[in-house]
Every structure is written in structure tokens, then in C-alpha cells.
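Chain letters run A, B, ... following the sequence lines, proteins first and then strands; every chain starts at 1.
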Amino acid sequence: MANTIEDALPEEKRSLNFIESIIEEDLSVNKNDSRVHTRFPPEPNGYLHIGHAKSICLNFGMAEKYQGKCNLRFDDTNPEKEDTEYVDSIMEDVQWLGFQWDKEPYYASDYFEQLYDWAVLLIRKGLAYVDDQPQEVISQQRGTPTRPGTESPFRNRSIEENLDLFERMKNGEFPNGSRVLRAKIDMTSPNMHMRDPVMYRILHAEHHRTGDQWKIYPMYDYAHGQSDYLEGITHSLCTLEFEVHRPLYDWFLDQLIETSYRPRQIEFARLNLSYTVMSKRKLLELVKNKIVSGWDDPRMPTIAGLRRRGYTPASIRAFADRIGVAKRDNVIDVGLLEFSVREDLNKITNRVMAVIDPLRLVITNYPEGTTEWVELENNPEDPAGGTRQVPFGRELFIEKDDFMADPPHKYFRLAPGKEVRLKGAYVIHCENFDTDIHGNPATIYCTYDVDTKSGSGPKQPKVKGTLHWVEASQAIDAEVRLYDRLFMDEDPAGHKDRDPLEFLNPDSLKVLRGCKLEPALKSAKTGEKFQFQRIGYFCVDKDSQSEALVFNRTVSLKDNWAKVSAK
RNA sequence: UGCCCGAUGGUGUAAUUGGCAACACGUCUGACUCUGGAUCAGAAGAGUUUAGGUUCGAGACCUAAUCGGGCAACCA
């Protein structure tokens, strides 16, 4: 097996990103006893995507690099949106990427009791109050970013009354939306999040873990920092939109905690990929509208989709490595992701013969009714890859693209009167061809020269082109699915007043049937990856059955001829 | 009209007590090749948003402006 990509990038030669700088600074002053403890905190309300992969690689990566730990914590404070289906898929995806969290997965819901006690403490300190106003009124009183808010008439009620009301909220005495618990901070703060943020809302809902035990649920801002604290998190990495939440994150901890240990929130820029939408909401829309077959449709930027598409964990980790991490907005060329898979797949996949758009070819001077076996290398990139036997005979299939009746200049493939090498077999000479009723080539007639046999033949003429092929009588049929980007616009979600769905690529999936494969592929298993010689990287889809193979194209091979011929 | 954050080749990321801008992807040459793949060699492409300031010296520090992003869920 070839080396992994990571081995090629010596760690010590790389400079630090801004998060590593912060960590090393903290380490140098022995902050938090020089521990490094991170966490990946997904809400179990959807599938993980490549943007999460960036965060996963970052969080687990930092822990790994500094001999620390990384927790997996489900941020499950909103029972209306969350489900165990997502919990399971998230655990699967994180592990598939090659990471293992510290101990068992954590849940914010494990801290509901503690969070409640702390809320009571805040009320006792006069720092939280129950507001009876409806949502619309509270929202109006909050003001706007440019105008300060106004205080709630309930802001200064007695601690006893607050305690009583809050307990009754917890006991389920009030209907949804009738009251909230708010932190008493500053309604005139220039930071909207400090204007008496809601800490608890009443929700009579079934929680995926606590069932109907709770009638009130903490808000993100109130739950997150304290959860970090309870787990001993030192560096709480999140995306940029939480930057303005940080003062609130710190405020709660400062009111509640007396020890010197403190988690620190650090924000980084989320990943954007060209020609891709990344928000869970939009991805969900694709699934719901049946534009894709599901969360794991190979065109989806979800981890599950990429996995089914044939991406390897190593390639995604290498990608995350290459894109780096910073605080400025960024759009990564989706080509970089493709580069990362090609790089990995080139090293690890076996080459096989597959003709996805078959054209019949007859070698007229090859003895009828006989076949022979030729030896082919499995993987030229891997010296230990070995060889295999592939049948060769009088009737073959070649790629339609590999023959032209009237070829342009610099076309190195087959054309009347021209010669090519059949990979691993013989040099053939094209004599003539038949056409079908539409005038398209139907059968190509060639002659071969026995002396040019690959490797052993006494004659080894220089020919410009080498074609892949499949012997007709033993070929097996398969379905091949060719994927292309889902959107034709570089930034489908970046247009005001235009729905990303307007930019859908109508050709994002092409299904090819009757593709011809060399017989060895008969036993290919779901998920198994190959390079179809001269075409691209493919893997066996889960829709495959033993007599009806289905392959997904992960990514095509880099194709210089396509570029040249397009000019 | 407030507050917060950001600004370095086409894209992304570097430049670690301030010392003549580096790496990757992409692009373009060429070599090699029984994959028009891979590999190898090389090239072009930024003077770091702008204007001031500090300094012998600024991408880095300071000030202002410009541009971009974020902030007004009982979402996370």
C-alpha cells in the first residue's frame, strides 16, 4: 500500500496558522495547566458536509498536534429539530474521516440539570429574570443594531417572583412561548447579543434523549460556554458568525465560575466551495425537492455523499490541510478538492480495463474462435501492486472517442490508415470501418502484427497512441454513473433575489448502460475503487447487484487532450 | 447610522521580537511515458486596498478612508 498523503507534508516545516499561534502562546504561559482540549459540537439536525470536515480536521487536528483531547459533543438544545438519525450519521462520518473522540460522545442535554441550577444562581444574583411578554414585543424592545433597546417592564421584578416563575416554567405550568428567562445585562449595548438575551424558552417537546422530562430548554448562548467549561475545553473553535457572541460567552462564565480555568472561544472562517451550496437548509431543500436522491447522493457535498462518490478519508484530510484556516472569507476552488482525490486515488487504486461508450472493433487477421491472456500491471504507482491476466481476442470494444473517421491534426488515436497500441497487447492498423444507418461508425476493422506483442514481441514500433480495450466475448456489462457539478454558477447561493436552484446543472448526472468491463471486475464489492484506464476513478455504488454492477465516477482523469481539442 | 471582523498573484494560505513576498492549486513551456494519466524540469503571474504617520528599513506597528463580511430566532 502506498504512503498516505500526509506523510508527504513534513509537519515541522510548516508555519503556524493563527489558531496554532494562540495555542502555543497559551502553552508558553502554562494557561489552563498547558492542556489542549477541543471539541466538535454539531447540532444533530442534519448531515455533516465538507464544511464540517474542515472543522473536524481542525479540532481533532489541534488536539492531535498538541497531545490533547477532542470531544464529540452533540449540541442538542432544540428538541424540535434534532433526531437520533443525525446523531448516528454524525458519529459514522467523524470516524470514517479517521478521528476518534475522547471517551464517549457528550451531549449538551447531559448538562440540563446543571444549567438549570446555574440559571437559578443567576436569578439569585439578580442577573436573570422571567419576562412574560410575547416574542414580538421582546423583539421590538431589543432595538436595532443602530438604535438601543428598551427595558422590559418585567426586568426588575423580585428575585422571589423570578425564582417562583422559573420553577413553574420548568414544571410545565405555562404554555409554549408564554414566558422566557432572560439574562439581565444591558439593553443599550452596541452588541445586540448583550441586550438581555433569552436563556431559556418553554418548549413542550419530545427530546431525543431526555424525552418529556424538560419543559424548558436552554438557548445556544447560555448552553455552549458552560458545556465547554464542564468538559474542560480549553480552545473552543467555531465559525466567524459567533464572533459577536463571544462577549456573552465570556459573560456567563464570568458570573458563574470562580476558578481560573476558562475555555476560550476562537473563531475562524467557514469553508465555501465554488459551484456548491453549503448550508444545511439548502442541502435539505435539494433532498426534499428530490433534486438529488438523498443526503448521500454522490453529487452532494455531504460527507456521506463524498464517501459514496468514492472520496477517501485521506483525500479529505489532505484537502482540509491544504485550504488552511484563517479569518477572512474565502471561496475554495472545487478543483482543489478534485485534485486531492486524484492525488490519493492515483496512488492506491488498481488500473482496470473498462469501455464506457463501446464501439466494436474486429481484428480481421486474428484467428477466429480463439482468445489469449495478456498480462497487465495493476498499478504502476505501486511496485507491489502485481499483475493480472486479461483476455484478448479477435473482437474487442474500444471507446467511441478513440476512433474518428476524419481526425483533426494531433489526434493520436485510431483513424483509417493509422496505427495504435492496444494497451498490454498488440499494435493494430486500422483498415476500414462500417457505419450504422445514421452514418456513425459501427464496426472498425483492423489488422494486427503478432510480433508487436507487449513486452515479448520482437517488434516494438513507436506509436503515438495507446488505447484501452475490452475483449468482447468475456466482457461484462455494467452501469456507469457520470457526475458533474450540481450547479453551473460559481456561487449559486450568492445572488440576491435568485434561487440557487435556478443554476442547477441539467447534466449533473449521466447514466451510461451497457458499458463493457474486463471480467475480473465481476467480483467487485460495494465501495471498491478503481482507475478505469484513461478515463477516471470509479467506485462500486451501493445500488450494485452481483449481476448488475453500478459504478460511480469519482473524478475524471486530468485530460489534456480535451483541453487541446477544445481550442 | 451603531458595533465587531477582515483585506497579500486567478484561488487559497505563508512570511514568528519590523530586514529586499514564499508554498499549494490553477495557467503556460518542454522532457519522459505502452494511461494525451503519473512523473520530471522550467516559466509567467502580487510589490501586499488607498492615503498619511512611526522607523535606517513596514505586508507586518499607528491613524483615517475605501471595499467586503457579520450582528436586530423563544435557531445553532
Side-chain angles (χ1 to χ4, degrees), chain A residues 9 13-17 21 24 41-43 45 75-78 80-82 131 134-135 138-140 142-149 176-182 189-195 197-203 216-217 219-221 223-224 238-247 267 269 274 280 321-333 335-340 342-343 346-347 351 376-377 380-381 410-413 420-425 427 454-455 460 462-468 531-536 556-565:
Chain A
L9 304 166
K13 289 193 88 172
R14 298 195 323 218
S15 52
L16 303 179
N17 63 47
S21 300
E24 297 204 357
E43 182 186 13
N45 70 342
D75 217 337
D76 55 352
T77 56
N78 185 358
E80 292 181 325
K81 291 187 178 166
E82 295 148 9
D131 197 335
Q135 187 166 176
I138 290 179
S139 145
Q140 251 177 32
R142 206 181 329 265
T144 69
T146 55
R147 224 189 322 279
N176 284 1
S178 58
R179 278 171 234 263
V180 289
L181 183 73
R182 294 227 258 166
S189 170
N191 183 338
M192 297 289 293
H193 298 276
M194 299 300 271
R195 323 243 260 228
V198 172
M199 293 168 57
Y200 272 93
R201 75 284 213 187
I202 299 170
L203 240 37
I216 55 173
Y217 289 90
M219 300 289 291
Y220 167 85
D221 283 306
H224 205 89
C238 63
T239 44
L240 244 32
E241 66 268 26
F242 292 99
E243 203 151 25
V244 282
H245 294 240
R246 186 173 1 114
E267 311 85 13
S274 62
K280 276 187 202 171
D321 230 54
R322 248 186 286 260
I323 61 176
V325 53
K327 294 191 74 162
R328 69 184 90 112
D329 291 329
N330 60 84
V331 182
I332 307 288
D333 188 340
L336 189 61
L337 184 60
E338 293 174 351
F339 167 82
S340 298
R342 281 198 193 97
E343 179 188 46
N346 174 47
K347 282 190 284 194
R351 275 62 174 165
L376 280 167
E377 225 178 347
E381 301 293 318
K410 286 208 166 178
Y411 183 80
F412 300 153
R413 284 111 101 147
V420 294
R421 158 79 62 184
L422 291 177
K423 175 85 181 168
V427 172
S454 189
Q460 297 293 334
K462 286 267 177 208
V463 286
K464 273 290 198 181
T466 299
L467 308 187
H468 62 281
Q531 185 199 93
F532 286 3
Q533 195 90 220
R534 296 210 307 135
I535 304 176
S556 66
L557 241 32
K558 215 165 113 186
D559 189 353
N560 279 318
W561 168 243
K563 212 184 300 179
V564 172
S565 61

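Considering only the side chain of Arg534(A), rG36(B) comes nearest among rC28(B), rU33(B), rG36(B). Of the candidate nucleotides rC74(B), rC5(B), rC34(B), rC5(B) has the atom lying nearest to any side-chain atom of Glu243(A). The side chain of Asn346(A) has rA38(B) as its nearest neighbour among rA72(B), rA76(B), rA38(B). Checking rA15(B), rG37(B), rC34(B) against every side-chain atom of Ser15(A), the shortest atom distance belongs to rA15(B). With distances taken from any side-chain atom of Lys423(A) to the nucleotides rC34(B), rG69(B), rG37(B), the minimum falls on rC34(B). The listed nucleotides are rG70(B), rC34(B), rC74(B); the one nearest the side chain of Ile138(A) is rC74(B). Here the nucleotide nearest the side chain of Glu43(A), chosen from rA38(B), rG12(B), rA76(B), is rA76(B). Comparing rG37(B), rA76(B), rC74(B) by their closest approach to the side chain of Gln135(A) singles out rC74(B). Distances from the side chain of Phe412(A) to the nucleotides rC34(B), rG36(B), rA76(B) place rG36(B) closest. When distances run from any side-chain atom of Asn560(A) to the nucleotides rG2(B), rA72(B), rG36(B), the shortest one goes to rG36(B).
In this structure, Ile332(A) places its CD1 atom 13 Å from C1' of rG10(B), rounding to the nearest Å. We find that NZ of Lys347(A) is positioned 15 Å from C1' of rG37(B), with the value rounded to whole Å. Atom P of nucleotide rC4(B) and atom CE of Met192(A) are separated by 15 Å, given to the nearest angstrom. Summarising the geometry, the separation between CZ on Arg342(A) and C1' on rG37(B) is reported as 10 Å, rounded to the nearest angstrom. Here the P atom of nucleotide rG68(B) and the CG atom of Leu240(A) are 17 Å apart, to the nearest Å. Between Glu338(A) atom CD and rA24(B) atom C1' the separation is 16 Å, expressed in whole Å. Summarising the geometry, the separation between NZ on Lys327(A) and C1' on rG6(B) is reported as 8 Å, rounded to the nearest angstrom. Between Asp333(A) atom CG and rU13(B) atom C1' the separation is 14 Å, expressed in whole Å.
The gap from the C1' atom of rC34(B) to that of rA43(B) amounts to 30 Å, rounded to the nearest Å. Nucleotides rG52(B) and rG42(B), compared at atom P, are 41 Å apart to the nearest Å. Spacing of C1' atoms, rA64(B) relative to rU27(B), comes out at 39 Å, to the nearest Å. For the C1' atoms, the distance from rG26(B) to rC61(B) is 35 Å, rounded to whole Å. If you take atom P in rA72(B) and the same atom in rA76(B), they sit 13 Å apart, rounded to whole Å. Atom C1' of rA14(B) sits at a distance of 7 Å from the matching atom of rC23(B), rounded to the whole Å. Taking atom P in both rG69(B) and rG12(B), one finds a spacing of 14 Å when rounded to whole Å. When the C1' atom is used for both rA7(B) and rU11(B), the distance is 15 Å, rounded to whole Å.
Between the base of rU8(B) and the side chain of Arg328(A) there is a donor-acceptor pair shorter than 3.5 Å. In the interface, the side chain of Gln531(A) is paired with the base of rU35(B) through a donor and an acceptor atom under 3.5 Å apart.
At a threshold of 4.0 angstrom between heavy atoms, the contacts of Tyr200(A) with the nucleic acid are absent. As judged by a 4.0 angstrom heavy-atom cut-off over every strand, Ser139(A) is placed among residues touching the sugar-phosphate backbone only. As judged by a 4.0 angstrom heavy-atom cut-off over every strand, Phe532(A) is placed among residues making no nucleic acid contact. Counting non-hydrogen atoms under 4.0 angstrom, Pro380(A) reaches a base of the nucleic acid. Counting non-hydrogen atoms under 4.0 angstrom, Asn176(A) reaches nothing in the nucleic acid. As judged by a 4.0 angstrom heavy-atom cut-off over every strand, Ser189(A) is placed among residues making no nucleic acid contact. Nucleic acid contact for His193(A): sugar-phosphate only, since backbone atoms but no base atoms lie under 4.0 Å from a heavy atom of the residue. Note on Arg195(A): nothing from the nucleic acid sits closer than 4.0 angstrom, heavy atoms only. Counting any heavy atom pair closer than 4.0 Å across all strands shown, Asp329(A) reaches sugar-phosphate atoms only and no base atom. At a threshold of 4.0 angstrom between heavy atoms, the contacts of Val198(A) are confined to the sugar-phosphate backbone, with no base atom among them.
Considering Met219(A), Arg201(A), Met199(A) as possible partners of Leu181(A), the one that fulfils the side chain to side chain contact (heavy atoms under 4.5 Å, CB included) test is Met199(A). The residue from Gln533(A), Lys423(A), Glu377(A) that alone fulfils the side chain to side chain contact (heavy atoms under 4.5 Å, CB included) condition with Arg351(A) is Gln533(A).
Taking CD of Glu381(A) as the reference point, atom CG of Asn346(A) lies at 4.0 Å (rounded to 0.5 Å).
rC75(B) is unpaired under the Watson-Crick or G-U wobble criterion, no partner having all donor-acceptor distances under 3.5 Å. The partner of rC67(B), taking Watson-Crick or G-U wobble pairs whose two distances both stay under 3.5 Å, is rG6(B). Checking rA14(B) for Watson-Crick or G-U wobble geometry (two distances, each under 3.5 Å) identifies no partner in any strand. A 3.5 Å limit on both hydrogen-bonding distances identifies no Watson-Crick or G-U partner for rU1(B). The nucleotide rC61(B) finds its pairing partner in rG53(B), both defining distances of the Watson-Crick or G-U wobble pair being shorter than 3.5 Å. Judged by Watson-Crick or G-U wobble contacts below 3.5 Å, the nucleotide rU33(B) has no partner.
In this structure, Glu43(A) does not pair ionically with Lys81(A), as no charged nitrogen and carboxylate oxygen lie closer than 4.0 Å.
Of the possible donor and acceptor atoms, none in the side chain of Thr239(A) sits under 3.5 Å from a partner among the backbone N and O of Glu241(A). Under the 3.5 Å distance criterion, the side-chain polar atoms of Asn191(A) are matched with a main-chain donor or acceptor of Val244(A). A donor-acceptor pair is defined here as one N or O able to donate and one able to accept, closer than 3.5 Å; no such pair exists between the side chain of Arg342(A) and the backbone of Leu557(A).
Judged purely by distance below 3.5 Å, without hydrogens or angles, the side chains of Gln460(A) and Arg421(A) pair a donor atom with an acceptor atom.
In textbook terms, a nucleotide whose glycosidic angle is within 90° of 0 is syn, while rG59(B), being further out, is anti. Against the 90° criterion about 0, the sugar-base torsion of rA73(B) places it in the syn range.
Closest approach of Arg195(A) and Arg147(A) over heavy atoms only: NH2-O, 2.7 Å.
Map Thr466(A) and Lys558(A) each onto its nearest nucleotide of RNA chain B; the residue landing nearer the 5' end is Thr466(A). Projected onto RNA chain B by closest heavy-atom contact, Ser21(A) and Gly465(A) fall at different nucleotides, the more 5' of which corresponds to Ser21(A).
Under the stacking criterion of a centre-to-centre distance below 5.5 angstrom and an interplanar angle below 30°, Trp561(A) sits stacked against the six-membered ring of rG36(B).
Under a cut-off of 6.0 angstrom, the local environment of CD in Gln140(A) is sparse, with at most 12 non-hydrogen atoms contributed by other residues, nucleotides or ligands.
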